[in-house]
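Remarks on the structure that follows.
Proteins get letters first, then strands, A, B, ... in listed order; numbering begins at 1 in each.
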Number of protein chains: 2
Amino acid sequence: MSSLDPATIEKLQTWLKVVSDPKRLRIINLLMEGVQCNCELGERLQMPRNLISHHLGVLRQAGLVEVERDMLDARWVYYSINRAALDELNAVFDAFFNPDRIQPRHPACGPQSVQEQISEIKFIEP
Amino acid sequence: MSSLDPATIEKLQTWLKVVSDPKRLRIINLLMEGVQCNCELGERLQMPRNLISHHLGVLRQAGLVEVERDMLDARWVYYSINRAALDELNAVFDAFFNPDRIQPRHPACGPQSVQEQISEIKFIEP
DNA sequence: CATATAATTCAATTTAAATTGTACTATATT
DNA sequence: AATATAGTACAATTTAAATTGAATTATATG
């Protein structure tokens, strides 16, 4: 299909904004590798826990990551990728950036849109 | 594959930053529909030509859109999606957010990582 | 109960980018 | 040659978000 639902575009826009931050992209990259505890994220990314917590909050609010507390010691928190959200992100992204959506040119303004008429006139005029 | 090339991640990060801006996403959306003349973009998006020009410049610098001048009147400029860049964007995005990359959990810190030993000790202790 | 730890929250600051307004360039038209 | 037009470039402003530092919560441990 050529046209896209405005709601879909808005959803994509929200997710892209969340995901486009360099630090968050690196966090996601680590979570994809299965790393989950907050402390290891901070160590591997060389970031204060503050900041990790902030970015994880943004990712969580967007529904991209899930949270789980340690059963033995509730002080520890583990993060993981939300598989369903990931699937939806992929679906929306693919739908929007699908190359098949590209339509042939049809400029609605400028001389090109009336090129034929101009050519005809040129033959008639001196 | 589970791991990703750092250069690939950086490339994705750059593109995501370019594409995550709401206005630019809407511009891309129109360009996908084949609209190309600058003036129509400005009209349909209710944006000053200034700003359209700025965002198109960002998109162009990222290689995502191409520029073409009118043959009959060189004042007019037409923009279009760069198909090759679009394909690459899709490839990089799909590689990064591929759900198959998600690994099973293996927290490297916290009590969970030593849960078995704790259980053993519990049986020994009074 | 007092202390330590993992994480979060809040306020203040810094940083980056979008937006706006104006001036400029290039081309075309009369 | 003078004027109009499409688009761009630049400087100033505004806006949004990341970052930082300090304070707070909740749980665990001695």
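Asn38(B) has its CG atom 15 Å from the C1' atom of dT27(C), to the nearest Å. Between the P atom of dA9(D) and the CD atom of Gln61(B) lies a distance of 10 Å, rounded to the nearest Å. As rounded to whole Å, 12 Å separates atom P of dT8(D) from atom CG of Leu59(B). Straight-line distance from the CZ atom of Arg49(B) to the C1' atom of dG21(C): 15 Å, rounded to whole Å. The CH2 atom of Trp76(B) sits 8 Å away from the C1' atom of dT5(D) (whole-angstrom rounding). Note: CD (Glu43(B)) to C1' (dA6(D)) measures 14 Å, nearest angstrom.
At least one side-chain heavy atom of Ile102(B) sits less than 4.5 Å from a side-chain heavy atom of Leu86(A).
Residues passing the side-chain hydrogen bond (donor to acceptor under 3.5 Å, both in side chains) test with Ser53(A): none are found, sequence neighbours excluded. For Arg49(B), there are no side-chain hydrogen bond (donor to acceptor under 3.5 Å, both in side chains) partners two or more places apart in sequence or in a different chain. Evaluation of the ring-ring contact (aromatic ring centres under 6.0 Å, His included) rule for Tyr79(A) yields no partner, not counting sequence neighbours. Listed by chain and number, the residues in a side-chain contact (heavy atoms from CB on, under 4.5 Å) with Pro48(B) are Asn50(B), Leu51(B) (sequence neighbours excluded).
Applying the ring-ring contact (aromatic ring centres under 6.0 Å, His included) rule to pairs touching residues 50-77 of chain B yields nothing, sequence neighbours excluded. A salt bridge (Lys or Arg N to Asp or Glu O under 4.0 Å) check over residues 4-31 of chain B, counting only residues at least two apart or in different chains, returns the pairs Lys11(B)-Glu88(B).
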List, one per line, each side-chain donor-acceptor pair under 3.5 Å for residues 57-66 of chain B, sequence neighbours excluded.
none

Per-nucleotide protein contact along nucleotides 10-24 of chain D, 5' to 3', at a 4.0 Å heavy-atom cut-off (B base, S sugar-phosphate only, - neither), is --------SBSBB--
Check: protein-nucleotides 27-30 of chain D nitrogen or oxygen pairs below 3.5 Å:
unit_1: dA28(D); atom_1: OP1; unit_2: Ala74(A); atom_2: N; d: 3.3

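A sub-4.0 Å separation between OP1 or OP2 of dT8(C) and a side-chain N or O of Tyr79(A) is present.
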